[in-house]
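Working notes for the structure below.
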Amino acid sequence: MGETTNPGLEGVIVAETELSDVDGEAGELIIGGYPLEELAANASYEESVFLLLEGRLPTADELEAFRADLAARRRITEEVQQVLRRAAEDGAPAMDALRMGVAAASLGDDRDEPEATSGIDPEPRDDAMRLVAVVPTIVATYWRYRRDEEPLEPRPDLSHAANYLYLLTGEEPTPADVRGLETYLNTVIEHGVNASTFTARTVVSTESDLISAITAAVGALKGPLHGGAPGPVLEMLREVHEEGDPEGYVRAKLEAGERLMGFGHRVYRVRDPRAAVLSNGAERLYAQSADADFFETVQAFESVAVDALAEHKPDRRLETNVEFYTAALLDGVGVPRELFTPTFAVSRVGGWSAHCLEQLEDNRLVRPVSRYAGETDRTWTPVGER
Ligand code: CMC
C-alpha cells in the first residue's frame, strides 16, 4: 500500500485516453485531436459524437447515416414516460427525473436482455447510441409533464440540437438558437476523467452495462461542485443585473465565506478555455436579442469577480470556469434554468459513452485501496452489555 493518501485523486493518472486532452496550466482543451475552438465553432453535435465513438470525423455519407440512426432511436417507451410523469407529479428535481429515466431506459424494450448471470453488456455501442439519442427526450418529456403539457413526438427531420429545443418548447427553433445550443453541446461533450466520467468508467470496469454506468454518471454530475453550478450562476447574474452592484455582491459573498459559483477549477489554473468559446457563442446570440444589456452585466461581473477572487485567495488562481458562460448561453437560447444541468448531460452522455467503450476495449477493474484509520483493539461486547 502507498505511503500517502490522495482523497480527491488529484493529479493521479487513472486511464489512457484518445478522447480529450485537458491542459490545466495552458488552458487548452483538445477533443478527438481537434482544438476545442475549431470543433465547437464548426461541428454539429452528431459529428462530435461520431468523432468520439469512431476516433475520426465522418464522411458526408457516414454523417447522414449516423444522423438517421440516432434520430431513429429518439423515442422512449410508454413505461419510461410513466416514470417521468410520476417524477414530475411528485415534483422531483430535473436531475433526479433524468436519473430515473435513464435507469428505466430498458423498461418496455423488446430487445433481448443480457443473461442475468453473465453481467457483460452484449451491445455496448448500441447502448451508447441509444443513450445519446434518448437523453434529450427524457429531459424534455419530464419538463412537459412538469408544466402540465403532453410530451411531443421527436422529429427525425430535425438535428439533434434542434429536436431537443423543439421537444422542450413545441416550436421549431431559430437557426441562431440552434447554433448557440450546438456550440454549447460541442463544448461540454468531453473533458477528461472528471468525476462523472470516472464514475461511468468505474461502473463498466466491473463489466456492468452502459445504462448502469450512465445512470451513475448522472448522479455524479448533479452535485454543485461538478455540473450543478450553472443554475445558481444564473440566479446570481440576474440578481446582480437587477441590483447593479457587482462589486458589492461579490464582496458580500466572499466575506460570508461563500464560494462564487462559476469560478475555480480542480484542473485549470487559468481561465477555462470553454469559457471563451461559450462567451463568444453567447455574445453572438445576445447581440441579436432584446436582453443585450444582461450580457454586458455578465461580462462586467466576470472581471469584478476575478479581481476580487485574486485578492481573496492570492495563493490560488481562481478564474472563470465552464459554468459561468453556460448560464448566459443556455438562458439565451431559451433552456429553462431548471434544465441547465440536465442539458449538460444531454451533451456529456456522448463523452461518457465513448469513455465506457474505451474502458471496455482494454478493461482493468477499477479498485483502489484505502488506508485504515479506525480502531484495531476492540473486543466484542454482547448487545445487552453496551
Ligand atoms: N469561490 C471562492 N473561493 C473558492 C472558489 C470559489 N468559486 N473555488 C475555490 N475557492 C477557494 C476555496 O475556498 C479554497 O480555499 P481554502 O483553501 O481557504 O479552503 C481554495 O480556493 C481552494 O479550493 P479547493 O476546494 O481546494 O479547490 P478544488 O480544486 O477542490 O475545487 C471547485 C474546485 C470547482 C470545486 C471549486 O473551485 C468550487 O467550488 N467552485 C464553485 C463551484 C463551481 O463553479 N463548480 C463548477 C465547476 S466546473 C465544472 C466541471 O468542469 O465539471
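As the structure lists them, so they are numbered: ligands from 1, and atoms in each ligand from 1. This structure is a prediction, so every number in the text was calculated from the model and none was measured.
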If we count only N and O atoms by modelled type, under 3.5 Å, do the side chains of [X] and [Y] hold a donor and an acceptor together?
X	Y	answer
Ser289	Asp291	no
Glu190	Ser20	yes
Ser44	Glu182	no
Tyr145	Arg85	yes

Exercise for the section: Quick one, list the residues around ligand 1 where some non-hydrogen atom comes in under 4.0 Å, by chain and residue number. Expected result: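 Residues within 4.0 Å of ligand 1: Pro224, Leu225, His226, Ala229, Leu254, Arg259, Leu260, Met261, Gly262, Phe263, Gly264, His265, Arg266, Arg274, Leu309, Lys313, Arg316, Leu318, Asn321, Val322, Glu323.
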Practice task
Specify whether His241 and Phe294 have parallel, tilted or perpendicular ring planes, treating 30° as the upper limit for parallel and 60° as the lower limit for perpendicular.
Solution key: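 Rings of His241 and Phe294: perpendicular, over 60°.
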Show me the donor-acceptor pairs within less than 3.5 Å that the side chains of residues 378-386 make with the rest of the protein, sequence neighbours left out.
from: Arg386; atom 1: NE; to: Thr381; atom 2: O; distance (Å): 2.8
from: Arg386; atom 1: NH2; to: Thr381; atom 2: O; distance (Å): 3.0

